[in-house]
Amino acid sequence: MLAWPDMPQGLRRPLRLVVTVVLVALASVPLAMGGASGEESLSDLQARMNDIQAQLDATTAKVEEAHSREEALQNDIDSLNAEKAPLEKQMSRLQKIAEERARTLYEEGNTGMLELLLDGASDVGDLAARADMLARVSTSGTDEFIKLARAQDRLDDLVRELEAKSDAHAQAEADLKDEADRFQAQLDSVSDEYEKLQKKLGPSAPAATHFASAAAAPLPSGGGKMYCPVGGPVSFVDSYGAPRSGGRTHEGVDMMAAYGTPEIAIVSGTITYAGYDELGGNIMYLSGDDGNLYVYIHSATQLTGGHVTAGQQIGTVGDTGNAAGNPHLHFEYHPGGGGPVNPTPLAASVC
């Protein structure tokens, strides 16, 4: 306890007032510094969140690149097989015609022509070369052999191309699996910190910056709050329009997340369809009260119907359909319930 020295009573009160003012002033300094420190801390938290998000998005970009490469190669293989099948039928037909032509040459006694055609010919390619040469100097009818040989040459080229494309496709599939596994491992290592940062930053924090390079599509309007379709650590890049198997193009955005992460109703609305097919796996349509359609694909679990409120969990992230080994939400946005538009800007604005 402080002891006042002996002094006139009249001086003690002014001195006590001065000390009180000084103590109050000193007490206010740490508070002011703490406020500044708090602002700096918030900035640091946001910077760390952006750094984590950038790392995840960089890996997601590699996943999408591998995925697009794998799908493009599959399209090439499908195209080659589509050409190969009728060519094989044509080869069978031409072989029969060539056999008939050889029989006719023999029956006509034109054995010299047959000997020139067949002598030393080890395969159809050799036969074609000889037939092509004879066609230049003779009118004895070697067209059938030339057509057969040329068809065989093209078929051989197709087989070689298919072998090369198949090898490249197998490598692309392996690369896709490696990148998907790398993303999941990276997500596991940062998910706890990610969620803690999210809680500390609160709902007023600015959304993380994603690779949303596409021009902004018409975004929903209506005043209601919108929620990120994935309720947890998520990463995505703009893959709208990327090649997909069957000659299709990508009509959504693949939102990468851990298996079982909640899927959230982006707006209030009604689940108007819930089904399954081999390509998309589980598919769910959310017909928003705002008049727009939102599609959720590859879910592990999903609601089958009913009205839902914005922010309500309606499913979980999975890898059903052709997404096996690469859990993510394929999310689509159909303004007015019409055709799809690039949903990346919309996802980036709410996630």
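Separating the CG atom in L87 from the CD atom in Q152 is a distance of 8.5 Å, to the nearest 0.5 Å. With rounding to the nearest 0.5 Å, the separation of CD in E263 from CG in L286 is 11.5 Å. How far CD of E251 is from OG of S239: 11.5 Å, rounded to the nearest 0.5 Å. Note that CD of Q186 and OG1 of T59 are 3.5 Å apart. Values are rounded to the nearest 0.5 Å. A distance of 11.5 Å separates CG in N342 from OH in Y333, rounded to the nearest 0.5 Å. Remark: Q198 CD to L45 CG distance equals 12.5 Å, nearest 0.5 Å.
Between N282 and M284 the shortest side-chain heavy-atom distance does not fall below 4.5 Å. Using a 4.5 Å cut-off on side-chain heavy atoms (C-beta onward), H298 and N322 make contact. Between M256 and N326 the shortest side-chain heavy-atom distance falls below 4.5 Å. Using a 4.5 Å cut-off on side-chain heavy atoms (C-beta onward), Q53 and S235 make contact.
Across all their heavy atoms, C228 and V234 have their closest contact at SG-CG1, 4.3 Å. Across all their heavy atoms, P233 and L187 have their closest contact at CB-CD1, 3.7 Å.
A salt bridge is absent between D156 and R160; no separation between the charged side-chain nitrogens and carboxylate oxygens falls under 4.0 Å. The pair D51-R48 meets the salt-bridge criterion, with a side-chain N (NZ, NE, NH1 or NH2) lying under 4.0 Å from an Asp/Glu carboxylate O.
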Compile the donor-acceptor pairs under 3.5 Å between side chains in residues 71-78 and protein atoms, sequence neighbours left out, one pair per line.
from: E71; atom 1: OE1; to: S245; atom 2: N; distance (Å): 2.7
from: E71; atom 1: OE1; to: S245; atom 2: OG; distance (Å): 3.4
from: E71; atom 1: OE2; to: H67; atom 2: NE2; distance (Å): 3.1
from: Q74; atom 1: OE1; to: H169; atom 2: NE2; distance (Å): 3.1
from: Q74; atom 1: NE2; to: D78; atom 2: OD1; distance (Å): 2.9
from: N75; atom 1: OD1; to: G246; atom 2: N; distance (Å): 3.0
from: N75; atom 1: OD1; to: G247; atom 2: N; distance (Å): 3.2
from: N75; atom 1: ND2; to: R244; atom 2: O; distance (Å): 2.9
from: D76; atom 1: OD2; to: K165; atom 2: NZ; distance (Å): 3.1

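Side-chain atoms of T344 and D238 include a donor-acceptor pair closer than 3.5 Å. Side-chain contact, T270 with S287: no donor N or O sits under 3.5 Å from an acceptor N or O. A donor atom on one side chain and an acceptor atom on the other are not found under 3.5 Å apart for Q312 and Y227.
L293 and V341 are not part of a single hydrophobic cluster, where members link through side-chain heavy atoms under 4.5 Å apart. Grouping the Ile, Leu, Val, Met, Phe, Trp and Tyr side chains by contacts below 4.5 angstrom, directly or via other members, places L303 apart from Y285. Cluster membership check: Y194 shares its hydrophobic cluster with M255, using side-chain heavy-atom separations under 4.5 Å among Ile, Leu, Val, Met, Phe, Trp and Tyr. Residue I264 is not grouped with residue I266 when hydrophobic side chains (ILVMFWY) are merged at heavy-atom distances under 4.5 angstrom, including chains of intermediate members. Hydrophobic clustering (side-chain heavy atoms under 4.5 Å, transitive across Ile, Leu, Val, Met, Phe, Trp, Tyr) groups V267 together with I271.
Qualifying side chain to side chain donor-acceptor pair (under 3.5 Å) partners for R182, counting only residues two or more places apart in sequence or in other chains: E179. Evaluation of the salt bridge (Lys or Arg N to Asp or Glu O under 4.0 Å) rule for E88 yields K84 as partners, not counting sequence neighbours.
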task: Go through the steps for Y294 and L346 under the test side-chain contact (heavy atoms from CB on, under 4.5 Å), then give the verdict.
output: CA-CA 11 Å; Y294 306 90; L346 171 58; 4.0 Å; yes
- request: Applying salt bridge (Lys or Arg N to Asp or Glu O under 4.0 Å), run through R154 and E161 and close with a yes or a no.
  value: CA-CA 10 Å; R154 179 55 187 154; E161 286 184 65; 3.3 Å; yes
- request: Apply side-chain contact (heavy atoms from CB on, under 4.5 Å) to the pair F183 and L56, showing each step before the final yes or no.
  value: CA-CA 7 Å; F183 174 82; L56 292 174; 4.0 Å; yes
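Judged purely by atom type and a 3.5 angstrom limit, H250 has no side-chain atom pairing as donor or acceptor with the backbone of G241. When atom types are taken as modelled, the side chain of T304 and the backbone of A274 share no donor-acceptor pair closer than 3.5 angstrom. S268 contributes no side-chain N or O that, together with a main-chain N or O of D289, makes up a donor-acceptor pair within less than 3.5 Å. Side chain of H330 to backbone of D254: no donor-acceptor contact under 3.5 angstrom is found. Of the possible donor and acceptor atoms, none in the side chain of S68 sits under 3.5 Å from a partner among the backbone N and O of E65.
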